[in-house]
Engineer: 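Here you go, one structure.
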Protein chains: 2
Amino acid sequence: MASIGIKEIASRAKVSPATVSRVLSNPELVSQKTRNKVKKIIDETGYRPNRLGASLRTRKTGNIFAIIPDISKPVNAGIVRAIENRAHSFGYSVLLGDTQGMNERGLQYAELVKMGQADGILLFSGDLPFDVNNDKPLYEQIPPLVNANERVDTDGLVQIAVDNVAAAKDAMQHLLELGHSRIAAVTGPMNVPSSCERFNGYKLALENAGLTYDPKLVVNGDYSVNSGEDAVDQLMLLRLRPTAVFCFNDDMAIGLMKKLQTHGYDIPADISVIGFDDIRYAKYTTPALTTVYQPMEEIGLACIDALLDQLKGNPPQPRCDFLPHSLEIRESTGPVSK
Amino acid sequence: MASIGIKEIASRAKVSPATVSRVLSNPELVSQKTRNKVKKIIDETGYRPNRLGASLRTRKTGNIFAIIPDISKPVNAGIVRAIENRAHSFGYSVLLGDTQGMNERGLQYAELVKMGQADGILLFSGDLPFDVNNDKPLYEQIPPLVNANERVDTDGLVQIAVDNVAAAKDAMQHLLELGHSRIAAVTGPMNVPSSCERFNGYKLALENAGLTYDPKLVVNGDYSVNSGEDAVDQLMLLRLRPTAVFCFNDDMAIGLMKKLQTHGYDIPADISVIGFDDIRYAKYTTPALTTVYQPMEEIGLACIDALLDQLKGNPPQPRCDFLPHSLEIRESTGPVSK
DNA sequence: CATAACATGTAAATCGTTTACATCCACTGA
DNA sequence: TCAGTGGATGTAAACGATTTACATGTTATG
């Protein structure tokens with residue numbers, strides 16, 4: 001594994017290091033003849049330019065840091081996969097930072113990019129891991145960054161996500177059209193933006209339908225399957241039970257459905273359940289889960305493209321791009337039982 | 001985001017760059033007084049040493065490259081999460097390389113570590129992305145590497161995995177004890193080691209039970225949910241249908257169960273189904289999936305520990321550590337119907 | 001034939017650290 | 001008093017590439 005350097009190549013090819021470098025990065029600047037000579041040596045020796053050396057000089061690492069709340073969630077894994085794929089196709093590598101929901105972990109990761117480990121950040125968590133003030137434009141205070149999915153509540157960022165409010169309203173609309181009026185919600189952690197947004201959508205839909213919001217019908221989950229199961233206890237003990245439940249992600253919906261069924265409830269005859277995300281397993285539950293599809297692939301691609309644009313030196317265009325979601329109506333929702 | 005360097009700190013503190021460096025990495029070498037002086041400047045300026053510079057000099061990047069077949073698979077995501085977590089706790093970052101099943105992608109990633117992007121490799125794919133010969137011991141030809149889950153068929157590697165053969169036999173044993181004798185198998189891609197190993201376990205178990213192996217009962221899947229569904233067509237068209245199916249991963253089991261149910265089969269009354277992996281969703285299917293648990297967390301930790309040991313300079317101890325699996329008996333398997 | 005213009009190659013500076021070695025200084029013990 | 005010791009700091013050379021300014025060689029042109 002001992003590797004040789006550009007100087008060695010240069011001396012073997014009887015040219016200068018500069019020429020070797022040019023052969024590699026600006027071949028058109030060197031004559032056909034020397035180019036071949038150098039290329040031959042490179043092939044023979046299996047020489048690979050050391051990226052650290054190059055990075056140090058060019059001040060570009062070719063790395064992108066992805067800060068993710070929890071890679072073990074299928075939505076995130078799906079997005080990361082798309083990201084990784086596209087990043088590599090542009091010659092970038094992706095460094096993974098899973099915060100496991102801990103804010104401080106995000107700060108540690110940000111530290112790494114301050115230390116020059118990466119050129120830019122893909123932020124999938126809702127906390128901006130930088131101290132910023134209002135004296136200067138935001139993008140002068142942070143490295144190139146695009147914020148996706150969990151939208152940080154700050155102006156001046158490039159953001160990419162689905163419109164959680166609208167999506168939640170769509171989900172609710174579907175239930176309302178089925179005649180439901182006692183619709184429960186199982187939220188995610190209320191300190192994460194996506195959950196708040198979906199909650200807003202939930203309340204808005206209720207309001208638009210002329211229904212009154214009943215706090216007893218909302219239980220705070222944490223996006224885990226378990227919390228979906230736990231929600232059942234709270235909800236089904238109510239004197240007036242909900243006829244439908246809107247779970248803010250599929251994991252909770254899956255847990256909730258299972259628990260409901262073990263208690264003898266029939267879905268959707270007794271109670272309708274709707275999820276959010278459309279993870280791979282959503283259509284394989286029994287009954288198949290009605291849910292809101294998030295375009296993981298598209299989100300991943302859009303993120304990379306937006307970040308790469310900044311890395312090319314273009315000033316960031318603060319904005320929020322909403323990518324289209326869609327309601328996948330399957331078997332877990334049905335008309336309210338009389 | 002313009003950052004300053006060690007020289008700037010040095011001059012502001014009126015000391016030499018070397019002293020600043022020492023304050024940061026070997027504080028005991030510098031007097032209390034100058035130490036404080038330098039620390040003060042560092043705090044004031046928010047200086048962070050550039051990792052590239054340091055890496056270049058020390059020839060250590062603090063990066064680990066994880067080569068994964070498919071991060072969107074929950075097992076892999078779970079392992080990666082554990083890895084990332086522990087790696088960071090030791091000051092290492094993890095670079096992600098998803099091969100999406102493509103061998104060549106693995107080669108590209110290996111290229112990156114040859115270029116000095118990472119200090120070591122965690123290889124979760126079954127292809128060793130290096131040309132090796134037998135003239136020299138393997139570990140002199142490749143960077144520090146530990147191979148997990150999909151075991152490369154080469155001597156001299158440090159490997160960590162569950163014992164797929166034994167695990168498959170355990171799964172089969174369970175079905176055999178329930179009285180099944182026509183047991184089908186839905187394999188993974190037969191060019192990946194885990195699938196071959198499980199297949200061997202399948203055949204061995206049959207053999208031990210005195211049953212004859214029937215090729216018509218094995219269908220080649222690809223570890224995807226879809227291929228599990230497709231297997232149904234092939235299996236249930238047989239004149240003599242299987243009474244149980246061993247799916248080589250949970251995704252396929254989930255697809256297969258669903259399809260079976262839509263065709264009116266009752267699981268496990270008509271047919272038993274067993275999976276492999278014990279992904280988070282396995283216990284939430286209907287019926288809950290009997291499956292083989294893989295200790296994702298432990299695998300991740302063991303990988304990092306083994307790699308870090310090598311990175312400390314200890315020569316690798318070629319071996320294969322089997323981590324304990326366990327059979328999770330749930331509702332998808334039952335006694336054979338008479 | 002002198003000179004401009006262009007193609008090609010070279011030498012040296014640079015990026016931000018670390019580290020082997022040199023230096024300085026104060027203190028100890030004979 | 002002075003050699004010796006040892007601790008604190010400074011100096012300068014790496015590390016491995018890229019890039020700039022400059023030098024050389026070659027060809028074309030008037």
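Residue numbers start from 1 in every chain, and the chains themselves are labelled A, B, ... in the order their sequence lines are given, proteins ahead of strands. Worth saying up front: this structure is predicted, and the values here are computed from it rather than measured.
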Engineer: Examine the base of dT8(C) for any acceptor or donor lying under 3.5 Å from a partner atom in the side chain of Arg22(A), and report the outcome as yes or no.
Structural biologist: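 Absent.
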Engineer: Please state how far atom CG in Asn26(B) lies from atom P in dT17(C), giving the value in whole angstrom units.
Structural biologist: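 So the CG-P distance, Asn26(B) to dT17(C), works out to 16 Å.
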Engineer: How close or far is atom C1' of dC15(C) from atom CD of Glu8(B), stated in whole angstroms?
Structural biologist: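 Distance check: Glu8(B) CD to dC15(C) C1' gives 15 Å.
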Engineer: Inspect the contact between Arg81(B) and Glu84(B) and indicate whether a charged nitrogen and a carboxylate oxygen are less than 4.0 angstrom apart.
Structural biologist: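 No, this pair does not count.
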Engineer: Touch check for Ser55(A), heavy atoms < 4.0 angstrom, all strands: base, sugar-phosphate only, or nothing?
Structural biologist: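 No contact at all - Ser55(A) keeps every heavy atom at 4.0 Å or more from the nucleic acid.
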Engineer: Can you identify which nucleotide, out of dT18(D), dT19(C), dG9(C), has its nearest atom closest to the Val30(A) side chain?
Structural biologist: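 Of the candidates, dG9(C) comes closest.
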Engineer: Answer yes or no: does atom CG of Asp155(B) have more than 12 heavy-atom neighbours from other residues, nucleotides or ligands under 6.0 Å?
Structural biologist: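 Counting neighbours around CG of Asp155(B), 12 or fewer heavy atoms of other residues, nucleotides or ligands fall under 6.0 Å, so no.
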Engineer: Leu56(A) or Ser31(B): which one's nearest nucleotide on DNA chain D is closer to the 5' end?
Structural biologist: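 The 5'-side residue here is Ser31(B).
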Engineer: CG of Asn50(B) versus C1' of dA17(D): gap in Å, rounded?
Structural biologist: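 Nearest whole value for this atom pair: 14 Å.
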Engineer: Between P on dT8(C) and CD on Gln32(A), what's the gap in Å once rounded to a whole number?
Structural biologist: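 Between P of dT8(C) and CD of Gln32(A): 10 Å.
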Engineer: Can you identify which nucleotide, out of dG16(C), dT10(C), dA17(D), has its nearest atom closest to the Ile6(A) side chain?
Structural biologist: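 The closest nucleotide is dA17(D).
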Engineer: As a test of reading the structure: which of dT19(C), dG9(C), dT20(D) is closest to the side chain of Thr58(B), going by heavy atoms?
Structural biologist: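 Nucleotide nearest to Thr58(B)'s side chain: dT19(C).
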Engineer: With nearest nucleotide decided by heavy atoms, which residue, Thr34(B) or Ala18(A), maps closer to the 5′ end of DNA chain D?
Structural biologist: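 Checking each residue's closest nucleotide, the 5'-ward one belongs to Thr34(B).
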Engineer: Could you tell me how the ring of Tyr109(B) sits relative to the ring of His88(A): parallel (under 30°), tilted (30 to 60°) or perpendicular (over 60°)?
Structural biologist: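 Rings of Tyr109(B) and His88(A): perpendicular, over 60°.
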Engineer: Within the structure shown, what part of the strands sits under 4.0 Å from Lys60(A) by heavy-atom distance: base, sugar-phosphate, or nothing?
Structural biologist: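 Lys60(A): no heavy atom of the nucleic acid under 4.0 Å.
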Engineer: Which part of the nucleic acid, if any, lies within reach of Arg35(B) when heavy atoms closer than 4.0 Å are counted: base, sugar-phosphate only, or nothing?
Structural biologist: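 Nothing, no nucleic acid heavy atom in range.
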Engineer: Taking atom types as modelled, is there a side-chain donor on Asn85(A) or Arg105(B) under 3.5 Å from an acceptor on the other?
Structural biologist: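 Short answer, yes.
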Engineer: Give the rounded distance in Å between these two atoms: NZ of Lys37(A) and P of dG9(C).
Structural biologist: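 Going from Lys37(A) (NZ) to dG9(C) (P), I get 7 Å.
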Engineer: Quick check for you: among dT18(C), dT18(D), dA17(D), whose closest atom lies nearest to any side-chain atom of Tyr47(A)?
Structural biologist: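 Shortest atom-to-atom distance from the side chain points to dA17(D).
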Engineer: Whole angstroms only, please: what is the NZ-C1' distance between Lys14(B) and dA8(D)?
Structural biologist: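 Rounding to the nearest Å, NZ of Lys14(B) and C1' of dA8(D) are 19 Å apart.
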Engineer: Could you tell me whether the side chain of Arg57(A) has a donor or acceptor atom within less than 3.5 Å of a complementary atom in the base of dT18(D)?
Structural biologist: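 Present.
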Engineer: Whole-Å distance between dG10(D) C1' and Leu29(B) CG?
Structural biologist: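 Those two atoms, CG and C1', are 14 Å apart.
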Engineer: Which whole-number value in Å describes the distance from Lys7(B) NZ to dA13(C) P?
Structural biologist: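 So the two atoms are 14 Å apart, to the nearest Å.
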Engineer: Between Thr19(B) and dG10(D), does any side-chain N or O lie under 4.0 Å from OP1 or OP2?
Structural biologist: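 Thr19(B) to dG10(D) OP1/OP2: side-chain N or O found under 4.0 Å.
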Engineer: If the test is side chain to side chain contact (heavy atoms under 4.5 Å, CB included), which one of Asp119(A), Ile304(A), Ile121(A), Leu95(A) qualifies with Ile64(A)?
Structural biologist: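 One option only clears the test, and that one is Ile304(A).
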Engineer: Does Ser21(B) put a side-chain nitrogen or oxygen below 4.0 Å from OP1 or OP2 of dT18(C)?
Structural biologist: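 Looking at the OP1 and OP2 atoms of dT18(C), one of them is under 4.0 Å from a side-chain N or O of Ser21(B).
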Engineer: So, Glu150(A) and Ser194(A): side-chain donor and acceptor under 3.5 Å apart, yes or no?
Structural biologist: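 Indeed, the side chains of Glu150(A) and Ser194(A) share at least one donor-acceptor pair under 3.5 Å.
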